[in-house]
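If you're wondering where the values come from, they're calculated on a predicted model, not measured in any experiment. For the numbers below, each heavy atom of this structure counts, side chains included, while hydrogens, waters and symmetry mates do not.
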Amino acid sequence: MNIKKMTAVIMAALVIASFTGCGSSDKGGSSNAGTPVVLLDTSEMFSSRDVESGYDESECTVISLEGSSASVTGNGANASGGKVTIQSEGTYLISGTLDDGSIVIDTDSGDKVRLILNGTNINSSTGAAIYVKQADKVFITLAKGSENTLSNATDSNISDDVDAVIFSKDDLTINGEGSLTVKANSGHAIVSKDDLVISGGSYTITSQKKALDANDSIRIAGGTFTIDSGTDALHAESDDTSLGYIYIADGTFNITAGTDGMDASGVIQIDNGTVNIKTGGGSANASTKEGGAANGDWGSWGGRGKRMSADEGGTVSVSRLSASSTDEKTVKTAKSGGTTTDSSSAKGLKSDSSVAFNNGTLTIDSSDDAIHSNNQVTVSGGTVSITSGDDGIHADSALKISGGSVNIVKSYEGLEGMTIDISGGDVSVVASDDGINSAGGNDQSSMNGRAGQNQFASQEGVYINISGGKVNINSAGDGIDSNGDVTVSGGEIYVSGASDNGNAALDFNGEATITGGTFIAAGMSGMAQNFGGSSTQGAMMVNVDNQSGGSAIVLKDSSGKTLASFTPEKNYNCVVISTPDVKKGASYTVTTGSVNTNVQMDSLIYGSGGGMGGMGGGRMGGGPGNAPGGSMQGGQNGGRKGGRRG
């Protein structure tokens, strides 16, 4: 295939990946995908030169690396010992080995320079192996089938200004069909002070600090990446709120990061690809151990204050303060001898703006939040699998799931946002606290609650809205917990709530309304709540004898037809059920284990009228707990949950 035709094919594929984000892809395409969320204008994200990997050797200046020296055949460059300086626009074919040296690009500011690495091995003990001092844009192409290695020494005398193996002060693109190994024994691996674009190739990167770092953006159209970074794997940061973004159109990523997997001051948008991320030692290295004890070897997650980056030896620099933060986050990392120093977070995806996952496969094992945004998070397709030492997905503002598969196999809180909308997809949550939680303010969930909040007052603008999809929750805290309203108008929702009376399968501080869908929630009666009088679909709260986990719940109508069923994973003695078949005036049988309970729907809501929770299903409130509209209040709301909320 000629170069022009190959480029056209690649560009067409990128457009499809960028704008559809669904369909027949073998990288996580989902038949229940929602509409992709476009946070970035991707129409000119990759130029034709960004994806061009072919070259004509006869038109190249040839640079031969010869151990301690180099030679140049052609125009535009000169060599002095182990240093090669490129001074003019053009294409340069580089091969051989430099034991201690560098390639320096220092041209006019409007020049475009292309480097072809064809069996290139460069080590530098004093700075960058490739240093773009000045140019308009530099393209590094990995020749087809070539193996290339760039590195620096452990004790490199690198400066703060040039602190990476590949360091560019201007736009940098890397592409091709070869491989590149980058060993950053000091500092970062690849840095661009403008845009960093990668459109192909195979990469093995180990770095003391960041692996890929850019000021304006990181844009990846394809390639295979194996990354092991001491701090962030991918990091983009800019004072311009329209920049500092990370865009993934495609590619395969296997990331192990000491801190964040992908960290952006701007947005993160993933349209396709396979992304595997492990951060901070993974969920097994959470800030709290099983049972709630503090992990002395790691941080105390739960706030989003100062952005910190750990330098060698644990020295911390503060890079920026989240605009939405009202408290200062301090996390600690244990060092040798038992001392601790402030460090940064260890999230999978972290954005000061918004995160959109449209398609592909995303697997995260994180010590901190798996996905975290200071604004909104959207999932519209693909497959997301999360094992988290803190929150599964956290958004300071809106969290929206419209399609795809989201499987949170371990978390402190599964889904958390000021507003949560689930309109499609297949969602499964396992949480050691709340399964789905809506609360105002930034994330402090895993430590001491939300300081300064009225723990039990309804918060304006805070809600959980489920209108479609299938949701399964297994939580040790509240199953669905809103500091405002809960609205269900469609979908299937199944909750296996806590086995203690300090939590509820359904918990809200505003109003709970159901107008459609299937809802079955099992938990304990102590704090139980039911849907309220604004509902247009029948709902029943039924108190039963204590049932063990694995005891099925089956709802049948008067003819014996099964209308709904669910098998909770934990002990329960209270069930909330609503389906479109539950009608006022009809009678039903709720079977829990081997026990049958008859329910006569004399009103549309059977049980609680949707108050603020209660103790013992009305047994302390003076009324029959299973009576139509019976009081479920029971106790003082102010004592709920011992002061913990969210």
Less than 3.5 Å apart, any donor N or O on the side chain of [X] or [Y] sitting next to an acceptor on the other?
X      : Y      : result
Asp481 : Asn437 : yes
Thr259 : Asp232 : yes
Ser345 : Lys350 : yes
Asn152 : Lys183 : no

Which pairs of donor and acceptor atoms, one on a side chain in residues 139-148, lie under 3.5 Å apart (sequence neighbours left out)?
from: Thr141; atom 1: OG1; to: Arg114; atom 2: NE; distance (Å): 3.1
from: Thr141; atom 1: OG1; to: Arg114; atom 2: NH2; distance (Å): 3.2
from: Thr141; atom 1: OG1; to: Asn175; atom 2: OD1; distance (Å): 2.7
from: Ser146; atom 1: OG; to: Leu117; atom 2: O; distance (Å): 3.3
from: Ser146; atom 1: OG; to: Ala143; atom 2: N; distance (Å): 3.3
from: Ser146; atom 1: OG; to: Ala143; atom 2: O; distance (Å): 2.6
from: Ser146; atom 1: OG; to: Asn148; atom 2: ND2; distance (Å): 3.0
from: Asn148; atom 1: OD1; to: Gly119; atom 2: N; distance (Å): 2.9
from: Asn148; atom 1: OD1; to: Thr120; atom 2: N; distance (Å): 2.8
from: Asn148; atom 1: ND2; to: Ser179; atom 2: O; distance (Å): 3.0

statement: Residue set satisfying ring-ring contact (aromatic ring centres under 6.0 Å, His included) with Phe519, at least two apart, ordered chain then number -> Phe531
message: Going by ring-ring contact (aromatic ring centres under 6.0 Å, His included), name the residues that satisfy it together with Tyr245, two or more places apart in sequence or in a different chain.
response: none
task: Decide yes or no on salt bridge (charged side-chain N to carboxylate O under 4.0 Å, His left out) for Asp50 and Lys137, but give the supporting numbers first.
output: CA-CA 10 Å; Asp50 285 334; Lys137 189 171 185 176; 2.9 Å; yes
message: Among Leu212, Val191, Leu196, Leu172, exactly one meets side chain to side chain contact (heavy atoms under 4.5 Å, CB included) together with Ile166. Which residue is that?
response: Leu172
field: All side chain to side chain contact (heavy atoms under 4.5 Å, CB included) counterparts of Asp194, not counting sequence neighbours
entry: Asp170, Asp171, Ser192, Asp216
query: By side chain to side chain contact (heavy atoms under 4.5 Å, CB included), which residues pair with Ala498, not counting sequence neighbours?
result: Asp500, Asn503
- prompt: Should Ser475 and Asp434 be marked as a side-chain contact (heavy atoms from CB on, under 4.5 Å) after you check the CA-CA gap, both sets of side-chain angles, and the distance that decides it?
  reply: CA-CA 6 Å; Ser475 64; Asp434 298 343; 6.0 Å; no
query: So Lys347 and Asp368, salt bridge (charged side-chain N to carboxylate O under 4.0 Å, His left out) or not? Walk me through it.
result: CA-CA 5 Å; Lys347 296 174 170 66; Asp368 198 349; 2.8 Å; yes
statement: Asp421 meets the side chain to side chain donor-acceptor pair (under 3.5 Å) criterion, sequence neighbours left out, with Tyr463, Asn465
